[in-house]
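The chains referred to below are lettered A, B, ... by the order of the sequence lines, with proteins before strands, and numbering in each begins at 1.
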Protein chains: 2
Amino acid sequence: MTEVTDRISRRQVDKFAERRSQLATSALRTLSQLGYARTSLREIAQNSEFSHGVLHYYFRDKVELIMYCVKQYKAECVTRYDQIVATAEDADQLKVDFGAALAVTCEEDATMHRLWYDLRNQSLFEESFREDTLEIDKSLEQMIWRIVTTYADLAGRDLTVTPATAYGLLDGLFQQALFRHLAGDPTALPTLRTATEQTLPKFLT
Amino acid sequence: MTEVTDRISRRQVDKFAERRSQLATSALRTLSQLGYARTSLREIAQNSEFSHGVLHYYFRDKVELIMYCVKQYKAECVTRYDQIVATAEDADQLKVDFGAALAVTCEEDATMHRLWYDLRNQSLFEESFREDTLEIDKSLEQMIWRIVTTYADLAGRDLTVTPATAYGLLDGLFQQALFRHLAGDPTALPTLRTATEQTLPKFLT
DNA sequence: AGGAACTCTTGACGACTGTCCAGATCTCCA
DNA sequence: TGGAGATCTGGACAGTCGTCAAGAGTTCCT
């Protein structure tokens with residue numbers, strides 16, 4: 001008896017979770033196109049295959065939906081450069097690969113990155129966003145730190161920056177490149193590559 | 001005749017400009033508290049001594065009002081560190097003074113800085129914001145460049161960064177500190193100081 | 001003193017928002 | 001196959017939004 005209802009409820013839970021994820025994907029697409037300030041629940045529903053009422057069947061309110069979206073986005077992000085770390089053989093190659101990877105995602109995922117910066121900024125005004133945003137930011141910092149420490153290891157040198165500083169500096173470069181790229185500046189991405197390659201060595205002793 | 005009407009119209013123009021500026025100041029206060037997404041014209045008017053209708057007497061629409069606000073904010077910003085540049089006597093002093101000044105404004109003007117980052121982000125979604133935002137960003141870059149070149153001069157060394165890279169890196173540090181400070185992290189401001197002091201030397205040969 | 005021009009208030013408008021709910025539709029087990 | 005529960009629709013709700021305009025109030029010159 002318990003086995004059966006467990007199986008049932010698990011299936012229902014899975015289906016429930018699947019639809020939540022599906023709706024979150026639609027929401028992310030709309031959010032990344034319009035930004036937080038201009039995205040309404042009706043707009044999200046219109047870009048999905050459901051009506052607007054269903055959003056409140058799967059999410060308590062707008063905040064819960066957006067937070068679910070942000071967390072789903074996080075999972076995609078934090079492992080983005082792990083392969084570069086795993087396959088790097090020397091410091092210079094890691095440096096070049098990392099700069100190139102930054103430029104690639106800056107171009108391909110531009111709207112998602114711009115959404116991330118938008119939502120991170122919203123957390124400065126909307127208290128309910130803050131906790132999750134800080135958690136994601138922390139994991140991004142750790143992701144950068146894996147790159148930087150691997151780079152130092154391969155170079156056989158010590159680091160002169162803290163994890164937070166390394167993340168702050170590189171995030172500044174990336175954000176600047178994203179702005180200029182989205183503004184139509186064709187030099188934004190090459191500049192991001194060279195700036196990254198010139199910055200990483202400065203982290204070493 | 002022309003003289004008189006000129007005098008009149010100039011006085012009227014001045015009064016018109018004064019009231020615009022006054023309304024923009026109210027708007028900036030409200031915007032910095034609520035953020036772009038949550039600020040309405042009625043809210044702005046309520047935090048001023050006028051009714052909401054007057055906003056459309058002095059500004060064509062919401063976009064023109066906010067752009068006027070941003071430009072007014074710009075004038076306050078770009079000369080912020082000029083005195084430090086003017087009075088600096090050696091590189092180490094400039095380094096320390098600059099880090100301290102960043103930490104001070106990060107604390108005292110926290111809500112205005114958060115508004116700046118909010119509006120700069122909006123320009124990634126709202127095309128009409130872009131031009132002015134890029135212009136302000138450029139002047140901030142030049143402001144940072146004045147600091148950095150003065151620092152290199154006093155140190156008697158050459159620079160290894162472009163103006164854009166120096167701005168991107170330092171802006172990343174500042175933004176990170178602003179986030180953590182507003183999130184209640186008491187180490188944010190001391191960390192900003194030390195990180196700035198440790199970063200500036202990395203710009204030199 | 002009168003009147004023209006400027007300034008401001010007030011209320012209205014249509015559109016849009018998040019939320020909720022009654023009921024239609026679907027799924028799936030007994 | 002029937003019916004219970006899960007899922008989904010579409011409309012209604014009370015608010016808020018930007019915008020506008022009619023008219024009251026003010027200023028200031030002749």
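Using a 4.0 Å heavy-atom cutoff across all strands shown, Phe59(A) reaches no nucleic acid atom at all. Among the protein residues, Tyr57(A) comes within range of the nucleic acid bases, having at least one heavy atom under 4.0 Å from a base atom.
To the nearest angstrom, C1' of dT19(D) lies 14 Å from CG of Leu65(B). What separates CD1 of Ile66(B) from C1' of dT19(D) is a distance of 15 Å, to the nearest Å. Note: OH (Tyr58(B)) to C1' (dT19(D)) measures 18 Å, nearest angstrom. With rounding to whole Å, Gln46(A) atom CD is found 12 Å from dG10(D) atom P. Following rounding to the nearest Å, Leu34(B) (CG) and dT16(D) (C1') show an atom-to-atom distance of 14 Å. Look at CZ on Arg38(A): it is 16 Å from P on dC17(D), rounded to the nearest Å. Whole-Å rounding puts the Phe50(B) CZ to dT10(C) P distance at 13 Å. Atoms NZ (Lys15(B)) and P (dC6(C)) sit 11 Å apart, rounded to a whole Å.
Evaluation of the side chain to side chain contact (heavy atoms under 4.5 Å, CB included) rule for Gln83(A) yields Thr87(A) as partners, not counting sequence neighbours. By the side-chain hydrogen bond (donor to acceptor under 3.5 Å, both in side chains) test, Lys74(A) pairs with Glu135(A), sequence neighbours left out. Listed by chain and residue number, Asp90(B), Lys95(B) satisfy the side chain to side chain contact (heavy atoms under 4.5 Å, CB included) test with Asp92(B) (two or more places apart in sequence, or in another chain). The side chain to side chain contact (heavy atoms under 4.5 Å, CB included) test applied to His181(A) returns Glu107(A), Ala110(A), Ala188(A), Leu189(A), not counting sequence neighbours.
In terms of heavy-atom proximity, Leu154(A) sits nearest to Ala91(A) at CB-N, 3.6 Å.
DNA chain C is contacted by no residue of residues 21-33 of chain A, taking any non-hydrogen atom closer than 4.0 Å.
Remark: Glu141(B) engages Arg180(A) in a salt bridge, criterion side-chain N to carboxylate O under 4.0 Å.
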**OP:** Give the B/S/- string for nucleotides 18-26 of chain C, one per nucleotide from 5' to 3', where a protein heavy atom under 4.0 Å of the base yields B, of only the sugar-phosphate yields S, and otherwise -.
**Re:** BB-------
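The CZ atom of Arg146(A) lies 4.5 Å from the CG atom of Asp82(A); values are rounded to the nearest 0.5 Å. Here the straight-line distance linking atom CG of Leu200(B) with atom CG of Leu170(B) works out to 6.0 Å at 0.5 Å rounding.
Taking the centre and axis of the six-membered ring of Phe179(B), the NZ or CZ atom of Lys138(A) falls outside the cone set by 45° and 6.0 Å.
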